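Just so it is clear, the structure is predicted and the values come from calculations on it, not from any experiment.
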Amino acid sequence: MPHLTSATAHARSTGVRTALGIPGYAHPLVAPAQWAELARPGTPLDWVVLDVAAGPGSRPDPHCLRAAARLRTAGVRVLGRLDLVHGGRVPADLLSDAHRYRDWYRVDGFLLDRCPTERALLAEVRRTIATLRTTGDTAHVVLGHGSHPHPGYAESADQLVTFAGSWSAYRWSQVAEWTADYPPDRFCHFVHGVPRGHLDEALRIARWQGAATVYFTDHTDGGGRLDPWETMPGYWDDIVSRIGTGVSE
């Protein structure tokens with residue numbers, strides 16, 4: 001897609017306030033300490049994704065209810081995960097899941113995972129977002145593309161995940177020229193397999209490319225067999241310290 005990539009860096013990224021976006025840890029019953037850590041005062045969080053059971057589940061989950069309530073009390077924005085299946089999701093089912101997230105967990109918005117990137121599906125995604133916003137006037141919508149989509153997607157959502165992948169790919173990644181027309185708080189980068197010694201480099205790349213919401217972990221996807229986001233990185237305290245104090249170039 002020729003409109004996507006450029007080696008041109010974003011000079012506007014200097015001084016950007018970076019925050020963490022949590023793609024979604026394992027169920028709170030499995031990882032209670034990690035969910036409790038997210039509610040610790042002073043943690044530089046933009047939002048946390050709650051994925052109960054590949055969506056909101058069929059009934060309210062008491063462990064997830066407590067986790068979401070604890071985060072709300074701490075002033076942390078909670079998003080429900082909705083899977084668009086690259087445009088293959090039935091709209092009525094999607095809206096039903098959104099209402100369950102709102103009614104049960106009082107989420108502040110949604111991460112639309114596996115969101116399409118093509119121009120041909122832009123109108124459909126826009127209709128989906130407009131429908132989701134009817135569930136709450138202040139719904140925060142993040143499009144989980146994982147790569148740079150057609151620029152039109154940036155007009156409809158609050159944020160776009162324009163990179164989700166490995167450190168080996170990220171360190172050589174290029175930023176789309178059109179993203180320079182938007183502020184850094186419009187973009188998110190999720191990177192797995194980042195060694196502890198390269199955290200500062202990863203943060204420099206994110207800031208240079210104009211992404212203000214990030215998540216870095218030393219866990220890997222095991223060649224596509226594992227979910228690298230479901231557990232807290234081994235250097236959690238280090239990354240919280242770096243982002244919380246505004247460490248940059």
Side-chain angles (χ1 to χ4, degrees), residues 1-23 43-49 76-77 79 108-119 122 125-126 129 140-195 198-217 228-229 233 238-249:
M1 301 177 70
H3 67 276
L4 290 185
T5 58
S6 168
T8 304
H10 291 188
R12 62 181 171 80
S13 63
T14 303
V16 170
R17 177 194 175 275
T18 306
L20 291 165
I22 309 299
T43 304
L45 292 172
D46 194 353
W47 39 259
V48 175
V49 173
V76 177
R77 185 160 45 193
L79 306 181
D108 305 291
F110 306 97
L111 169 68
L112 305 188
D113 203 11
R114 296 201 289 176
C115 185
T117 60
E118 303 91 340
R119 181 177 185 175
L122 175 56
V125 172
R126 282 178 170 168
I129 294 172
H140 187 84
V141 178
V142 181
L143 301 184
H145 305 286
S147 61
H148 288 95
H150 182 276
Y153 285 91
E155 296 297 327
S156 301
D158 297 289
Q159 291 184 298
L160 285 69
V161 180
T162 52
F163 185 93
S166 69
W167 167 241
S168 60
Y170 189 59
R171 65 188 312 188
W172 302 110
S173 64
Q174 295 178 325
V175 64
E177 289 184 355
W178 62 262
T179 63
D181 295 333
Y182 298 90
D185 60 9
R186 188 67 64 89
F187 302 105
C188 317
H189 289 174
F190 300 156
V191 190
H192 61 75
V194 181
H198 290 275
L199 272 178
D200 286 337
E201 182 183 355
L203 282 169
R204 282 195 296 270
I205 292 171
R207 286 167 176 149
W208 194 242
Q209 291 194 6
T213 300
V214 301
Y215 187 74
F216 303 138
T217 181
W229 321 118
D238 285 350
I239 194 170
V240 166
S241 176
R242 281 169 166 79
I243 291 178
T245 57
V247 173
S248 60
E249 290 80 5

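Between atom NE2 of residue His148 and atom CD of residue Glu177 there is a gap of 11.0 Å, rounded to the nearest 0.5 Å. Separating the CG atom in Leu203 from the CD1 atom in Ile243 is a distance of 5.0 Å, to the nearest 0.5 Å. Between atom OG1 of residue Thr18 and atom CG of residue Asp46 there is a gap of 10.5 Å, rounded to the nearest 0.5 Å. Atoms CZ and CG, on Arg204 and Leu199 in that order, are 10.5 Å from each other to the nearest 0.5 Å.
With sequence neighbours excluded, the residues forming a salt bridge (Lys or Arg N to Asp or Glu O under 4.0 Å) with Arg171 are Glu201, listed by chain and number. Applying the side-chain contact (heavy atoms from CB on, under 4.5 Å) test to Ala154 and every residue at least two apart in sequence or in another chain returns Leu160, Trp178, Tyr182, Arg186. A search for side-chain hydrogen bond (donor to acceptor under 3.5 Å, both in side chains) contacts involving Ser156 returns Arg126, not counting sequence neighbours. Take His140 and apply the side-chain hydrogen bond (donor to acceptor under 3.5 Å, both in side chains) test, not counting sequence neighbours, and it matches Arg77, Gln159. Considering only residues two or more places apart in sequence or on other chains, Ser166 meets the side-chain contact (heavy atoms from CB on, under 4.5 Å) condition with Ser168, Ala169, His192. Residues forming a side-chain hydrogen bond (donor to acceptor under 3.5 Å, both in side chains) with Tyr215 (at least two apart in sequence, or on another chain): Tyr25.
When every heavy atom of Val161 is checked against every heavy atom of Ala164, the shortest pair comes out as CG1-CB, 4.3 Å. When all heavy atoms of Ser173 and Gln209 are compared, the closest pair comes out as OG-NE2, 3.1 Å. The minimum heavy-atom distance linking Pro23 with Val49 is given by the pair O-CB, 3.3 Å. Shown here for Leu20 and Val240, the closest heavy-atom pair between the two residues is CD1-CG2, 4.2 Å.
Side-chain atoms of Thr162 and Val175, non-hydrogen and from C-beta on, never get closer than 4.5 Å to each other. Inter-residue side-chain proximity for Trp47 and Thr213 is flagged as met; some heavy-atom pair is nearer than 4.5 Å. In this structure, the side chains of Val214 and Val191 stay at 4.5 Å or more apart for every pair of heavy atoms. You'll find the side chain of Pro149 stays beyond 4.5 Å of the side chain of Leu143, heavy atoms only.
Classified by interplanar angle (parallel below 30°, tilted 30° to 60°, perpendicular above 60°), the ring pair His198/Trp167 is tilted. Ring-plane geometry between Phe163 and His189 is classed as perpendicular, the angle between the planes exceeding 60 degrees on a 0 to 90 degree scale with a lower cut at 30.
Under the 3.5 Å distance criterion, the side-chain polar atoms of Tyr153 are matched with a main-chain donor or acceptor of Glu118. The closest donor-acceptor contact from the side chain of Asp158 to the backbone of Val142 lies at 3.5 Å or more, if one exists at all.
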